[in-house]
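See structure below.
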Amino acid sequence: MPLPPPESIAPANPQKTRTGLNRIWHAAGYSLEGLRAGWNEKAFRQEAVAAMVLLPVSLWLGKNWVETALLAGSVVIVMIVELLNTGIETAIDRIGPEWHDLSKRAKDMGSAAVLLALLLCMGIWGAAVFQRILHG
């Protein structure tokens, strides 16, 4: 029996058939759902609360738009990496609860990415605070 032509096969994901504003609208909805799911994770919630404080402070601490963008951007990068790490962990957990070396490796690497993002953020903020204290 011959296979039907590719255009007659319904895609598994209806998002793939959407175009224009309809696609953007639905993509925005999925993104908001992702942020809601992230909010249910303790680490992301802590980082989001810290961002609520640090983002306004970056406007005061940064002496120009570049410094402000670095300060604010480093905070947002931590949140982005945390969401990606949570996505990795969720996908691994969906596969199964049993321990596997590759699952552990993937989760450890996601965790390491969060650590590096946090170190970058702390380095940028530390340097900015030091500069502010040293040179007013």
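All heavy atoms count here, side chains included; hydrogens, waters and symmetry mates do not.
- Nearest approach of Ile88 to Ala106, heavy atoms of both residues: CG2-O, 3.9 Å.
- Side chain of Ser111 to main chain of Lys107: no donor-acceptor pair is present (N/O by atom type, distance under 3.5 Å, no hydrogens or angles).
- Minimum heavy-atom separation, Ala48 to Trp39: CB-CZ3, 3.5 Å.
- Remark: side-chain polar atoms of Thr68 are not paired, donor with acceptor, to backbone N or O of Trp65 under 3.5 angstrom.
- The CG atom of Leu35 sits 6.5 Å away from the CG atom of Leu83 when rounded to the nearest 0.5 Å.
- For the pair Arg18 and Trp25, the cation-pi test (distance below 6.0 Å, angle within 45°) is failed.
- The distance from the SG atom of Cys121 to the CG atom of Leu116 is 13.0 Å, given to the nearest 0.5 Å.
- The shortest side-chain heavy-atom distance between Leu71 and Leu54 does not fall under the 4.5 Å cut-off.
- A donor-acceptor contact shorter than 3.5 Å is absent between the side chain of Ser103 and the backbone of Trp99.
- Glu41 is not listed as a side-chain neighbour of Asn85, based on a closest heavy-atom distance of 4.5 Å or more.
- Closest non-hydrogen pair, Ser74 versus Ile124, comes out as CB-CD1, 3.7 Å.
- Remark: Asn22 CG to Thr17 OG1 distance equals 8.0 Å, nearest 0.5 Å.
- Note: Glu89 CD to Leu84 CG = 11.5 Å, rounded to the nearest 0.5 Å.
- Between atom CG of residue Leu115 and atom CG of residue Leu118 there is a gap of 6.5 Å, rounded to the nearest 0.5 Å.
- If you take CG on Leu119 and CE on Met122, they are separated by 4.5 Å, rounding to the nearest 0.5 Å.
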